[in-house]
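Just so it is clear: chains get the letters A, B, ... in the order the sequence lines come, proteins before strands, and each one is counted from 1.
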Amino acid sequence: MQLAAKYNPADVEDKWYAYWQKHRLFHSEPDEREPYTIVIPPPNVTGVLHMGHMLNNTIQDVLVRRARMLGKNACWVPGTDHASIATEAKVVAKLKAEGVDKAGLTREQFLAHAWEWKEKHGGIILEQLKKLGASCDWERTRFTMEPALSDAVTRAFVHFYNKGWIYRGVRMVNWDPVGRTAVSDEEVIHREQQATLYYIRYYIGDGSGAYLTIATTRPETIMADTAVAVNPNDERHKHLHGKKVLIPLIGKEIPVIADDYVATDFGTGCLKVTPAHDINDYEIGLRHRLPVVDILDDDGKLNEKAQILVGEDRFAAREKIARMLANAGHLEKTESYANQVGFSERTSAVIEPRLSLQWFLKMKDMAEPALQYVMNDEIKLIPDKFRNTYRHWMERVCDWCISRQLWWGQRIPAWYLPNGDVVVAATEDEALLAAQKTNPALTKTDLKQDDDVVDTWFSSWLWPVSVFDPQAIGNPGHTPNADLQYYYPTNDLITAPEILFFWVARMIMAGHEFMGAAPFRNVYLTGIVRDKQGQKMSKSLGNSPDPLMLIARYGADGVRMGMLLTSPAGNDLPFDESLCEQGRNFCNKIWNAFRLIKGWQAGAHAAQPAHAAQAVTWFRNALHKTIADINDDFDKYRLSEALMKVYKLFWDDFCAWYLELIKPHAGQAVDEVTRSATLSFFDMLLRILHPFMPFISEELWQQLSARNDGESLMTQRLPAAGGFDEINISNFEMTKNAITAVRTIRQNKNIPMKEPLELYVKGDFDPALFPLMQKMANLSAVYPHAQQAGQPGASFLLGTTDFFIPLGNLLNAYEELKKLRDDLAYQQKFVAAITQKLSNAKFVQNAPAQVVALERKKQADGEARIKAIEDKLLIVNG
RNA sequence: GGGAGCUUAGCUCAGCUGGUUUAGAGCACCUGCCUUACAAGCAGGGGGUCAUAGGUUCGAACCCUAUAGCUCCCACCA
């Protein structure tokens with residue numbers, strides 16, 4: 001069969017993925033082998049694949065496939081996250097587009113729409129991962145809101161409630177007025193914004209015309225002011241302590257209070273105190289027992305307590321009130337001011353600090369052991385610079401607001417009784433039983449369940465446990481099932497640093513709480529995929545290529561390589577399509593090397609030529625050395641470097657040197673010894689390539705020789721690092737340099753490759769390697785001694801070995817002489833520098849013996865080279 | 001404001017315990033080649049004051065100090 005000159009990924013990718021699935025090669029069951037486990041960071045169920053997923057999942061697949069080929073029982077558990085707020089926002093938007101308002105729906109109606117949406121869009125992303133070649137155990141696919149996992153979340157809630165760590169209280173929380181829900185501190189992103197600082201006059205209520213001026217960026221909240229505060233030590237305002245001022249526009253009287261919090265060197269030294277809409281003001285309010293006036297509704301519009309601008313959005317109100325204040329003569333001035341504003345991670349709405357009744361989980365007691373796992377290296381963060389960041393956060397962790405005013409998610413298992421009491425239980429029946437202990441007359445209709453759901457992360461922090469055995473959460477006395485016992489703790493977690501606290505830290509806490517053990521051993525933190533301008537690639541910026549389009553264009557293997565080429569752990573990946581192009585080109589190189597080998601006839605009786613025997617010996621050594629190097633890279637999670645070594649091994653060592661060496665001249669056959677050695681090398685190379693480039697390696701492995709149905713490269717063993725001969729490798733290295741030097745002379749002197757040359761070698765060089773040079777540099781003869789005096793030609797030095805090519809009339813004698821003299825001058829300078837170093841008594845005394853010996857050898861070698869050049873100058877000069 | 005990290009070739013990065021002749025790689029670039037596996041290729045080549053300035057040391061890309069620039073994380077100054 002004639003193979004095309006170019007590799008066409010589309011011909012093979014779907015075929016092999018289907019084959020792997022058909023033979024259940026991704027599936028894992030506990031057995032006597034050592035497990036290797038990864039749980040996928042579950043993507044949003046209705047999400048689509050973006051470049052971050054591509055990077056993240058390529059890394060996971062490389063690690064999983066490699067572990068599998070190392071003989072481990074590899075299990076990569078896939079799944080999706082219900083992504084409470086993100087999904088609910090999408091469903092709300094979709095309904096809105098259809099003219100349906102969420103407020104007009106019952107919870108049940110809304111959830112019906114949400115599930116419909118999930119069924120329609122859910123899992124698309126998992127299908128996309130298959131295009132990438134992800135070897136997930138799809139039979140184990142989980143969803144964070146499937147019944148068993150939701151029940152585990154509920155039990156976790158009950159568990160912590162009974163432990164006294166979950167409590168309900170009124171606190172200032174981060175309110176997302178678009179999502180109309182509370183969000184946790186970690187879901188707030190602070191960004192600097194150019195704002196306006198308004199200087200507003202508050203007149204003293206005595207009609208004297210005296211006033212003080214406050215500076216604020218939020219004039220629309222003045223109606224919620226319940227005091228104006230000044231620093232007690234601020235001389236400027238001491239006379240005002242205890243006086244009353246009037247809120248402009250509404251004329252409400254509020255006290256002037258003294259509090260240390262107020263800075264004297266900022267603004268005017270007077271602070272409006274708005275306990276309902278600012279966390280600091282809230283705390284001042286608590287200290288001074290100020291009333292709380294909340295003038296904002298949950299959607300960020302002013303309510304009737306504001307008295308004016310009722311129903312206006314907070315930002316519209318800000319502009320309007322500024323004009324009203326100016327018209328009323330209360331606006332002293334405005335100035336531009338850069339301040340930090342919090343935005344919602346999910347909806348991008350400006351976060352509103354808001355007082356509300358929420359559920360919280362105490363973190364202190366969980367943070368401590370979770371910190372220890374990382375500090376004592378039971379869990380390794382890769383790269384380890386994240387240890388500091390992790391510690392910093394864990395040491396100052398605050399209680400976690402876990403309730404969300406949403407419907408899509410696990411509903412909080414708390415029921416309120418008619419008398420206002422609350423019972424927390426895993427089910428309604430259990431809640432009723434508990435309630436009846438105090439009042440036997442109660443029935444189910446008396447119980448009213450909390451409307452809120454829990455934060456998404458309150459479900460995903462259970463993921464490494466619940467994907468295997470959801471019953472292991474919150475069931476005292478439960479014996480972990482076989483899966484959990486076998487696969488937990490998992491080995492590696494591959495995720496983005498952005499969710500180190502959201503998710504990774506909390507998984508460690510949950511793992512410790514429910515399993516008494518860390519959920520994973522290593523956390524590999526990927527970087528952010530950026531475009532050429534350094535911007536994060538995102539759908540909203542429109543600078544992200546469509547991953548499936550990339551796969552169509554460059555092949556999955558090409559894209560995988562593109563993702564891995566320049567992304568060491570923790571580093572951002574400056575993505576460029578040319579990286580995928582390089583991957584595609586590499587695939588083509590592999591393909592063509594195969595075409596060459598495949599074309600050789602078996603059973604040729606020719607004797608193995610000397611150069612081929614040398615080549616086989618050398619490549620075996622080079623291969624084993626590289627395998628050892630790659631193993632070392634993987635031990636250190638240096639995937640980019642491992643890939644680069646594979647790339648060079650295949651392209652440079654195997655194709656450019658080995659194949660070129662053993663390649664017969666046109667029409668000649670390859671001897672059988674060399675041919676079978678080459679096939680065996682190629683087989684090993686495919687194994688090494690497979691974790692990185694699963695499709696092309698499988699395709700070629702299948703073509704390499706007849707395979708049984710169900711056989712696959714992905715379940716073969718990686719070649720183990722064998723011993724190798726360093727001397728042979730370095731001798732070959734020198735041979736390569738000699739060949740390159742001869743080729744350079746050809747190029748410089750315009751001597752075509754077809755024209756054979758002679759070579760004289762004087763000095764340390766193994767004559768056994770002469771045939772290699774003859775083949776690769778087209779040398780008719782190599783003589784193991786110096787040329788005759790007076791011969792015109794070109795020469796070069798490698799180490800202390802002198803090489804000479806007679807060129808007859810091709811030579812430009814003047815040029816050659818100049819080159820030798822330049823060389824001589826350089827060597828003399830070099831030796832002079834070393835001689836000076838060696839004449840420094842302190843150096844000879846203090847430096848280790850081998851360093852001094854090395855310098856001595858450099859000196860001797862340099863002197864030998866000088867001697868050789870001088871000799872040659874004599875010869876050239878005749 | 002606090003903390004962490006970075007700065008090595010045009011770009012992206014290695015350089016691990018201070019000493020391996022004159023600091024490496026991939027890509028890009030330049031030159032010559034369609035040589036029967038591959039032009040998505042082959043052969044050859046050029047390119048760096050290791051951010052700057054001091055210091056320690058026999059010896060510094062590497063250790064210390066300062067300066068400049070960049071990045072990330074955390075944080076309630078209106």
Chemist: Can you see if the side chain of A:N585 gets near the phosphate of B:G41 - specifically, an N or O under 4.0 Å from OP1 or OP2?
Modeler: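 It does, given that an N or O in the side chain of A:N585 lies less than 4.0 Å from OP1 or OP2 of B:G41.
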
Chemist: Show me, range against range, the stems involving RNA chain B, built from at least 3 consecutive Watson-Crick or G-U pairs below 3.5 Å.
Modeler: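 Output for stems: B:1-7 with B:68-74, B:10-13 with B:24-27, B:29-33 with B:41-45, B:51-55 with B:63-67.
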
Chemist: Heavy-atom nearest nucleotide on RNA chain B for A:K858 versus A:K648: which residue maps closer to 5'?
Modeler: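 Here A:K858 is the residue nearer the 5' end.
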
Chemist: Applying a 4.0 Å non-hydrogen cut-off, can you work out what A:R865 is touching in the nucleic acid: base, sugar-phosphate, or nothing?
Modeler: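 If one applies the 4.0 Å heavy-atom cut-off, A:R865 turns out to touch a base.
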
Chemist: Given the C1' atoms of B:C34 and B:A28, what is the spacing between them in whole Å?
Modeler: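 Comparing C1' positions in B:C34 and B:A28 gives a spacing of 23 Å.
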
Chemist: Across the strands shown, which category fits A:L271 at heavy-atom distances under 4.0 angstrom: base, sugar-phosphate, nothing?
Modeler: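 Base contact.
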
Chemist: Just checking A:Y647: base, sugar-phosphate only, or nothing, at a heavy-atom cut-off of under 4.0 Å?
Modeler: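 Counting heavy atoms under 4.0 Å across all strands, the contact made by A:Y647 is with sugar-phosphate only.
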
Chemist: Indicate, with a heavy-atom threshold strictly under 4.0 Å, whether A:S640 touches base, sugar-phosphate, or nothing.
Modeler: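 Since no nucleic acid heavy atom lies under 4.0 Å of A:S640, the category is nothing.
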
Chemist: Using a 4.0 Å heavy-atom cut-off across all strands, classify A:C587 as base, sugar-phosphate, or nothing.
Modeler: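 If one applies the 4.0 Å heavy-atom cut-off, A:C587 turns out to touch nothing in the nucleic acid.
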
Chemist: Between B:C72 atom P and A:K536 atom NZ, what is the distance in whole Å?
Modeler: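 After rounding, the reported distance stands at 11 Å.
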
Chemist: In plain terms, say whether A:D653 and A:K648 are close enough for a salt bridge, that is, a side-chain N and a carboxylate O under 4.0 Å apart.
Modeler: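 Salt bridge absent between A:D653 and A:K648.
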
Chemist: Looking at A:Y199, does any N or O in its side chain come under 4.0 Å of the phosphate oxygens OP1/OP2 on B:A78?
Modeler: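 Looking at the OP1 and OP2 atoms of B:A78, neither is under 4.0 Å from any side-chain N or O of A:Y199.
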
Chemist: Flag this pair as yes if the NZ/CZ of A:R191 is under 6.0 angstrom from the six-membered ring centre of A:F343 and inside a 45 degree cone about the axis; otherwise no.
Modeler: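 The answer is yes, since A:R191 meets both limits relative to A:F343.
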
Chemist: Return the residues of residues 837-846 of chain A meeting this criterion: a heavy atom under 4.0 Å from some atom of RNA chain B. Order them by number, or give none.
Modeler: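 Under 4.0 Å from RNA chain B: A:N840, A:K842, A:F843, A:N846.
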
Chemist: With a non-hydrogen cut-off below 4.0 angstrom, is A:E641 in contact with a base, only sugar-phosphate, or nothing?
Modeler: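 It contacts sugar-phosphate atoms only.
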
Chemist: Passes salt bridge (charged side-chain N to carboxylate O under 4.0 Å, His left out), A:E335 versus A:K333? Steps please.
Modeler: CA-CA 7 Å; A:E335 56 190 41; A:K333 62 172 176 176; 3.7 Å; yes

Chemist: Are any of A:K754's side-chain N or O atoms less than 4.0 Å away from OP1 or OP2 of B:U35?
Modeler: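 So the side-chain polar atoms of A:K754 never come under 4.0 Å of the phosphate oxygens OP1 or OP2 of B:U35.
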
Chemist: Between A:T744 and A:Q582, who's closer to the 5' end of RNA chain B by nearest nucleotide?
Modeler: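 Between the two, 5'-proximity favours A:Q582.
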
Chemist: For B:C72, does OP1 or OP2 lie under 4.0 Å from any side-chain N or O of A:T389?
Modeler: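 Indeed not, no polar side-chain atom of A:T389 lies that close.
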
Chemist: Would you check, one step at a time, whether the test salt bridge (charged side-chain N to carboxylate O under 4.0 Å, His left out) holds for A:E581 with A:R553?
Modeler: CA-CA 9 Å; A:E581 202 178 315; A:R553 192 173 290 171; over 6 Å; no

Chemist: Within this structure, what is the CE-to-P distance between A:M644 and B:G26, rounded to whole angstrom?
Modeler: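 Distance check: A:M644 CE to B:G26 P gives 7 Å.
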
Chemist: Please list every donor-acceptor pair under 3.5 Å in which a side-chain atom of residues 220-231 of chain A meets a protein atom from a residue at least two apart or in another chain.
Modeler:
| from | atom 1 | to | atom 2 | distance (Å) |
| --- | --- | --- | --- | --- |
| A:E220 | OE1 | A:R318 | NE | 3.0 |
| A:E220 | OE2 | A:R218 | NE | 3.2 |
| A:E220 | OE2 | A:R218 | NH2 | 3.2 |
| A:E220 | OE2 | A:R318 | NE | 3.4 |
| A:E220 | OE2 | A:R318 | NH2 | 3.0 |
| A:T221 | OG1 | A:R218 | O | 2.8 |
| A:T221 | OG1 | A:K272 | NZ | 2.6 |
| A:D225 | OD1 | A:K272 | NZ | 3.0 |
| A:D225 | OD1 | A:T274 | OG1 | 2.8 |
| A:D225 | OD2 | A:Y202 | OH | 2.5 |
| A:T226 | OG1 | A:P291 | O | 3.2 |
| A:N231 | OD1 | A:N233 | N | 2.8 |
| A:N231 | ND2 | A:V262 | O | 2.8 |

Chemist: Separation of A:R391 atom CZ from B:C74 atom C1', in whole Å?
Modeler: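 Answer to the nearest Å: 13 Å.
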
Chemist: Side chain of A:K589 only, please: which of B:A37, B:C72, B:A78 is the nearest?
Modeler: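 Between B:A37, B:C72, B:A78, the one nearest the side chain of A:K589 would be B:A37.
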
Chemist: Out of B:A78, B:A40, B:G5, which has the shortest distance to the side chain of A:T216?
Modeler: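 The closest nucleotide is B:A78.
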
Chemist: When the distance from CD1 of A:I739 to P of B:G45 is rounded to whole Å, what number comes out?
Modeler: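 Interatomic distance, CD1 of A:I739 to P of B:G45: 13 Å.
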
Chemist: Report which part of the nucleic acid A:A656 touches: base, sugar-phosphate, or nothing (heavy-atom distance under 4.0 Å, all strands).
Modeler: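 A:A656: backbone/sugar contact only, no base atoms under 4.0 Å.
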
Chemist: In whole Å, what is the span from the CG atom of A:L3 to the P atom of B:U36?
Modeler: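 Whole-Å distance recorded here is 19 Å.
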
Chemist: Is any N or O donor-acceptor pair between the side chain of A:E660 and the base of B:A37 shorter than 3.5 Å?
Modeler: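 Side chain to base: pair present.
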
Chemist: For the pair A:F803 and A:F796, name the ring-plane relationship: parallel under 30°, tilted 30 to 60°, perpendicular over 60°.
Modeler: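 Answer is parallel, since the angle falls under 30°.
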
Chemist: Take atom CD of A:E755 and atom C1' of B:A43, then tell me their distance rounded to the nearest Å.
Modeler: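 Result: 17 Å.
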
Chemist: How is A:W600 classified with respect to the nucleic acid when contacts are heavy atoms under 4.0 Å: base, sugar-phosphate, or nothing?
Modeler: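 Here A:W600 touches no strand at all.
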
Chemist: So what does A:R584 touch, heavy atoms closer than 4.0 Å: a base, only the sugar-phosphate, or nothing?
Modeler: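 If one applies the 4.0 Å heavy-atom cut-off, A:R584 turns out to touch a base.
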
Chemist: Round to the nearest Å and state the distance from A:F502 atom CZ to B:C73 atom P.
Modeler: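 Distance check: A:F502 CZ to B:C73 P gives 11 Å.
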
Chemist: When all nucleic acid strands are considered with a 4.0 Å heavy-atom cut-off, which category describes A:F386: base, sugar-phosphate, or nothing?
Modeler: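 Touches nothing.
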
Chemist: Given side-chain hydrogen bond (donor to acceptor under 3.5 Å, both in side chains), test A:Q703 with A:E699 step by step and report yes or no.
Modeler: CA-CA 6 Å; A:Q703 288 199 33; A:E699 168 70 18; 2.6 Å; yes

Chemist: Quote, to the nearest angstrom, the C1' distance that separates B:A14 from B:C62.
Modeler: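 Looking at atom C1' only, B:A14 and B:C62 are 14 Å apart.
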
Chemist: Between the side-chain atoms of A:Y261 and the base atoms of B:C77, is any donor-acceptor pair under 3.5 Å?
Modeler: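 No.
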
Chemist: Tell me, do A:N778 and A:E755 make a side-chain contact under 4.5 Å, heavy atoms counted?
Modeler: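 When only atoms from C-beta onward are counted, A:E755 and A:N778 do not touch, as no gap falls below 4.5 Å.
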
Chemist: I'd like to know if A:K636 pairs up with A:E641 as an ion pair, taking the criterion as any Lys NZ or Arg NE/NH1/NH2 lying under 4.0 Å from an Asp or Glu carboxylate oxygen.
Modeler: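 So A:K636 does not pair with A:E641 through a salt bridge.
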
Chemist: Using a strict cut-off of less than 4.0 Å between a Lys/Arg side-chain nitrogen and an Asp/Glu carboxylate oxygen, indicate whether A:D384 and A:K380 qualify as a salt bridge.
Modeler: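 No, no charged N to carboxylate O under 4.0 Å.
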
Chemist: Does A:W393 put a side-chain nitrogen or oxygen below 4.0 Å from OP1 or OP2 of B:C72?
Modeler: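 No, because none of the side-chain N or O atoms of A:W393 sits under 4.0 Å from OP1 or OP2 of B:C72.
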
Chemist: So A:Q859, base contact, sugar-phosphate only, or nothing? Heavy-atom distance under 4.0 Å.
Modeler: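 No contact at all - A:Q859 keeps every heavy atom at 4.0 Å or more from the nucleic acid.
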
Chemist: Would you say CG of A:D652 has more than 12 non-hydrogen atoms from neighbouring residues, nucleotides or ligands within 6.0 angstrom?
Modeler: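 Count over threshold, so yes.
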
Chemist: Does the distance from a Lys or Arg side-chain N to an Asp or Glu carboxylate O, for A:K536 and A:E498, drop under 4.0 Å?
Modeler: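 A salt bridge links A:K536 with A:E498.
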
Chemist: Within the modelled atom types, does a donor on one side and an acceptor on the other bring the side chain of A:Q747 and the base of B:U31 under 3.5 Å apart?
Modeler: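 Per atom types, the contact qualifies.
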
Chemist: Under 4.0 Å, counting only non-hydrogen atoms across every strand here, what does A:G599 touch: a base, just sugar-phosphate, or nothing?
Modeler: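 The residue A:G599 makes no contact with any strand.
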
Chemist: Have a look at A:R638 and say if it touches a base, only the backbone sugar-phosphate, or nothing, with a 4.0 Å heavy-atom cut-off.
Modeler: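 The residue A:R638 makes base contact.
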
Chemist: Please work out if A:P353 contacts a base, only the sugar-phosphate, or nothing of the nucleic acid, heavy-atom cut-off 4.0 Å.
Modeler: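 Contact class for A:P353: none.
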
Chemist: What are the two closest non-hydrogen atoms of A:L659 and A:A593, and how far apart are they?
Modeler: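 Scanning both residues, the minimum pair turns out to be CD1-CB, 4.0 Å.
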
Chemist: Let's see if you can work this out: which of B:A37, B:C77, B:C74 has an atom nearest to the side-chain heavy atoms of A:H392?
Modeler: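 Among B:A37, B:C77, B:C74, the one nearest the side chain of A:H392 is B:C74.
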
Chemist: In this structure, how many angstroms lie between the P atom of B:C73 and the CG atom of A:N388, rounded?
Modeler: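 Rounding to the nearest Å, CG of A:N388 and P of B:C73 are 15 Å apart.
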
Chemist: Is the distance from OP1 or OP2 of B:A78 to the nearest side-chain N or O of A:Y337 less than 4.0 Å?
Modeler: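 Answer yes for this pair, as a side-chain N or O of A:Y337 is under 4.0 Å from OP1 or OP2.
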
Chemist: Determine the Euclidean distance between corresponding C1' atoms of B:U52 and B:U12; express it in Å to zero decimal places.
Modeler: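 About 24 Å, rounded to a whole number of Å.
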
